[in-house]
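Before any comments, here is the structure.
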Amino acid sequence: MQFWLRPSTEDDFEFVFQLNKINMRHYVEQLRGWDDVAERCDMQQKFYPGCDQIIVIDSNDAGIFGVDRKSNMIELRHIEILPKYQRLGVGTALINNLLNDARQAKLPVLLCVLKMNPVLHLYESLGFRITGETNLKYQMIAMIDS
């Protein structure tokens with residue numbers, strides 16, 4: 001599966017919001033109920049135009065990839081892919097590329113995931129381990145050996 005990343009812009013907000021609604025509404029409804037206004041406000045706090053990247057597959061916007069690189073770690077802050085493009089290896093490839101970058105920089109990669117999200121198993125298979133938790137999420141880390 002060929003894909004590429006492009007920088008996000010403010011114009012991508014609606015795509016990112018709808019992507020999140022498609023992927024996460026089921027979980028959010030179980031946790032607290034879905035409210036479009038509240039969720040839109042929440043996404044406005046989490047979406048970083050120019051920093052986040054849009055995953056493009058077959059010339060179609062297919063997902064979002066948000067990574068923060070700091071001096072002491074890399075944080076995989078946001079990765080979501082439209083259902084029709086899931087399970088094609090795109091997310092795995094993106095995360096493996098990130099882990100390779102982290103290995104070269106000798107930095108750990110951190111992320112948080114909802115406890116009920118089945119993607120947890122993918123993260124574990126890629127070398128992430130749980131280091132902490134809240135009521136709703138696991139904090140995970142992939143330690144990079146030099």
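- Note: the hydrophobic cluster containing L110 does not contain I95 (ILVMFWY, side chain heavy atoms under 4.5 Å, direct or indirect links).
- Residue L120 comes nearest to V113 through the heavy atom pair CD1-CG1, 4.0 Å, listed as atom of the first residue, atom of the second, then distance.
- Residues V56 and L98 fall within the same hydrophobic cluster, defined by Ile, Leu, Val, Met, Phe, Trp and Tyr side chains chained together at heavy-atom separations under 4.5 Å.
- If you chain together hydrophobic residues whose side chains sit under 4.5 Å apart, M73 and Y138 never meet in one group.
- When the shell of 6.0 Å around CG of N72 is examined, it contains more than 12 heavy atoms from other residues, nucleotides or ligands.
- Distance check: Q18 CD to L82 CG gives 10.5 Å after rounding to the nearest 0.5 Å.
- For the pair I141 and P108, the tightest heavy-atom approach, listed with the atom from each and the gap, is CD1-CB, 3.7 Å.
- Contact between V109 and F128 at its shortest, heavy atoms only, is O-CE2, 3.5 Å.
- Checked against D42 for a side-chain hydrogen bond (donor to acceptor under 3.5 Å, both in side chains), the options Q45, K46, R40 give a single hit: K46.
- The 12-atom threshold is not exceeded at NZ of K84, counting heavy atoms of other residues, nucleotides or ligands nearer than 6.0 Å.
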- Can E75 and K70 be said to form a salt bridge (Lys or Arg N to Asp or Glu O under 4.0 Å), step by step? CA-CA 8 Å; E75 181 183 5; K70 301 175 183 172; 3.7 Å; yes
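- Using a distance-only test at 3.5 Å, with no hydrogens or angles considered, a donor-acceptor pair links the side chain of N60 to the main chain of D58.
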- Residue pair R6, D61: steps toward the salt bridge (Lys or Arg N to Asp or Glu O under 4.0 Å) verdict: CA-CA 9 Å; R6 69 166 176 79; D61 291 347; 3.0 Å; yes
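- The local environment of NZ in K21 is crowded, with over 12 non-hydrogen atoms from other residues, nucleotides or ligands closer than 6.0 Å.
- To the nearest 0.5 Å, atom NZ of residue K115 and atom NZ of residue K137 are 12.0 Å apart.
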- Task: Run the numbers on V90 and Y85 for side chain to side chain contact (heavy atoms under 4.5 Å, CB included), then give the verdict.
- Result: CA-CA 8 Å; V90 174; Y85 297 111; 5.6 Å; no
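- Taken from CZ in F47 to CD in E10, the straight-line distance is 8.0 Å, to the nearest 0.5 Å.
- Rounding to the nearest 0.5 angstrom, the gap separating the CG atom in L31 from the NE2 atom in H26 is 9.5 Å.
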- Message: The test is side chain to side chain contact (heavy atoms under 4.5 Å, CB included); show your working for I22 and E80 and say whether it passes.
- Response: CA-CA 10 Å; I22 290 166; E80 281 190 69; over 6 Å; no
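- Expressed to the nearest 0.5 Å, how far CG of L111 lies from CD1 of I74 amounts to 12.0 Å.
- No continuous path of hydrophobic side-chain contacts links V16 to V37 [ILVMFWY only; heavy atoms under 4.5 Å].
- Of all non-hydrogen atoms in G63 and L19, the two that sit nearest each other are CA-CD2, 3.8 Å.
- For P118 against Y27, the heavy-atom pair with the smallest separation is CD-OH, 2.9 Å.
- Here the side chain of Q86 pairs a donor or acceptor atom with the backbone of I81 at under 3.5 angstrom.
- Counting heavy-atom neighbours within 6.0 Å of R87 CZ, excluding the residue itself, gives a total of 12 or less.
- Here the CG atom belonging to L107 is positioned 10.0 Å from the CE atom belonging to M143, to the nearest 0.5 angstrom.
- Although no hydrogens or angles enter the test, the distance criterion places no donor-acceptor pair under 3.5 Å between the side chain of N20 and the main chain of F17.
- Side-chain contact annotation: Y48 with D68, donor-acceptor N/O pair under 3.5 Å absent.
- When all heavy atoms are compared, the tightest approach of P49 to S8 is CA-OG, 3.3 Å.
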